[in-house]
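A short worksheet on the structure shown next.
Treat the numbers as computed from the prediction; the structure is a model and nothing was measured. Residue numbers run from 1 in the order of the sequence given.
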Amino acid sequence: MILLVIDCAASLCAACVYDTATGTERGRSVLDLGKGHAEHLIGVVDDALAAAGLALGDIDAIAVSVGPGSFTGIRVAVSAARGFALALGIPAIGVNVLEAIAEESRSDFPGATILAALATTGDRVQMAIYDAAGVEDYAPSVVGLREAALIAGERRAVLVGTAAGTLASLLDGDTPTVGSQAATADIAAYARVAARKGATGPRPTPLYLREPDAKPQAGFILPRRGDA
């Protein structure tokens with residue numbers, strides 16, 4: 001199966017073409033944008049396909065990062081993936097950022113339980129735990145910092161993600177192992193997770209674990225007819 005894989009969950013706008021039969025990446029394109037994913041994603045996809053020497057019609061399935069992460073980036077990527085899948089008549093596969101970060105770290109920490117945690121507002125983190133085989137052992141959730149640190153200590157987990165350093169500082173006793181503290185994984189990690197999942201699951205939907213930072217101002221909400 002030839003996979004097209006895209007990620008816009010953090011600052012990167014990334015795409016790769018991955019051959020699941022050989023476990024090899026055929027081509028990739030990655031831009032570190034910060035923002036502006038909507039304007040650049042199609043060009044990034046085109047560049048990845050060109051690097052692989054393939055066209056959209058050669059793709060058997062598409063995989064996409066579904067979050068948690070940037071609300072705008074996630075919407076852009078998931079919408080694009082579902083649009084490609086509909087237009088081409090191929091399946092789409094969702095991969096969450098936490099499992100991709102854990103997947104990328106697994107080669108550095110073979111046999112380890114990995115706790116992937118992303119910083120969020122307040123004294124909380126967005127976290128999940130994966131065992132040595134990449135199987136989810138603690139579903140993606142928003143957890144208080146101290147509770148997350150306690151869980152990490154009990155599981156003797158390797159800490160990865162943007163909140164890894166903060167969690168490590170809260171642990172007493174043995175010095176915890178800290179891996180990558182990036183906000184997303186290399187695009188190849190998403191490809192490997194998607195290849196394991198296969199193309200039979202539900203269509204991808206955004207994984208939002210927290211409320212958006214931008215909220216409507218109540219003073220600008222017009223009264224409904226009959227409320228005035």
Side-chain angles (χ1 to χ4, degrees), residues 7-14 30 32-35 37 64-78 94-190 192-193 204-215:
D7 170 36
C8 299
S11 64
L12 300 182
C13 183
V30 179
D32 193 346
L33 297 175
K35 59 183 179 179
H37 296 84
V64 60
S65 60
V66 297
S70 159
F71 282 85
T72 301
I74 292 165
R75 288 197 299 271
V76 166
V78 172
V95 178
N96 82 64
V97 173
L98 297 169
E99 63 185 332
I101 293 173
E103 169 67 25
E104 186 177 25
S105 302
R106 191 161 291 107
S107 60
D108 295 326
F109 306 101
T113 295
I114 296 178
L115 187 155
L118 299 175
T120 185
T121 55
D123 294 330
R124 301 178 300 166
V125 296
Q126 301 169 101
M127 62 162 276
I129 298 176
Y130 301 90
D131 68 15
V135 177
E136 183 183 283
D137 194 33
Y138 190 104
S141 308
V142 176
V143 179
L145 274 170
R146 296 197 175 278
E147 180 184 353
L150 179 63
I151 294 170
E154 290 174 345
R155 302 289 186 92
R156 296 188 175 275
V158 172
L159 302 173
V160 298
T162 57
T166 301
L167 291 178
S169 71
L170 295 174
L171 285 170
D172 297 322
D174 295 338
T175 302
T177 301
V178 177
S180 168
Q181 297 185 55
T184 190
D186 182 78
I187 192 67
Y190 287 96
R192 293 193 298 271
V193 174
T205 57
L207 176 63
Y208 298 139
L209 297 180
R210 63 180 182 84
E211 294 295 320
D213 295 325
K215 294 181 174 61

The single option from S65, C13, S70 passing side chain to side chain contact (heavy atoms under 4.5 Å, CB included) against C8 = C13

Heavy atoms of G67 and L207 approach each other most closely as O-CD2, 3.6 Å

What are the two closest heavy atoms between G94 and V66, and how far apart are they?
-> CA-CG1, 3.8 Å

Can you tell me how far the OG1 atom of T162 sits from the CD atom of Q126, to the nearest 0.5 Å?
-> 8.0 Å

Using salt bridge (Lys or Arg N to Asp or Glu O under 4.0 Å) as the criterion, list what pairs up with R156, not counting sequence neighbours.
-> D174

Determine which pairs satisfy side chain to side chain donor-acceptor pair (under 3.5 Å) with at least one residue from residues 106-119, sequence neighbours left out, and list them in order.
-> E103-R106

With sequence neighbours left out, what residues match A133 under side-chain contact (heavy atoms from CB on, under 4.5 Å)?
-> D131, V135

Separation of T177 OG1 from L115 CG (nearest 0.5 Å) = 12.5 Å

What distance separates M127 CE from L167 CG, expressed to the nearest 0.5 Å?
-> 8.0 Å

Across all chains, not counting sequence neighbours, the side-chain contact (heavy atoms from CB on, under 4.5 Å) partners of P206 are I74, V78, Y208

In a table with atom names and distances, give each donor-acceptor pair under 3.5 Å that connects a side chain of residues 136-146 to protein atoms at least two apart or in another chain.
unit_1: D137; atom_1: OD2; unit_2: R155; atom_2: NH1; d: 2.7
unit_1: S141; atom_1: OG; unit_2: A139; atom_2: O; d: 2.8

Identify, with sequence neighbours excluded, every residue that meets salt bridge (Lys or Arg N to Asp or Glu O under 4.0 Å) alongside R75.
-> none

Residues 179-187, side-chain donor-acceptor partners within the protein, below 3.5 Å, at least two apart:
unit_1: S180; atom_1: OG; unit_2: A182; atom_2: N; d: 3.2
unit_1: Q181; atom_1: OE1; unit_2: G165; atom_2: N; d: 3.4
unit_1: T184; atom_1: OG1; unit_2: D7; atom_2: OD2; d: 2.9
unit_1: T184; atom_1: OG1; unit_2: Y190; atom_2: OH; d: 2.6
unit_1: D186; atom_1: OD1; unit_2: R28; atom_2: NH1; d: 3.0
unit_1: D186; atom_1: OD1; unit_2: R28; atom_2: NH2; d: 3.4
unit_1: D186; atom_1: OD2; unit_2: R28; atom_2: NH2; d: 2.8
unit_1: D186; atom_1: OD2; unit_2: A188; atom_2: N; d: 3.0

Apply side-chain hydrogen bond (donor to acceptor under 3.5 Å, both in side chains) to S11 and list each qualifying residue two or more places apart in sequence or on a separate chain.
-> D32

Quick one: list whatever passes salt bridge (Lys or Arg N to Asp or Glu O under 4.0 Å) with E99, sequence neighbours left out.
-> K197

Take L118 and L209 through the test side-chain contact (heavy atoms from CB on, under 4.5 Å) and record every step on the way to the result.
-> CA-CA 11 Å; L118 299 175; L209 297 180; over 6 Å; no

Is there a donor-acceptor contact under 3.5 Å from the side chain of H37 to the main chain of L12?
-> yes

Can you sort out the partners of A163 under side-chain contact (heavy atoms from CB on, under 4.5 Å), two or more places apart, ordered by chain and number?
-> A117, A119, V125

Which residues satisfy the side-chain contact (heavy atoms from CB on, under 4.5 Å) test with A168, sequence neighbours excluded?
-> L159, P176, V178

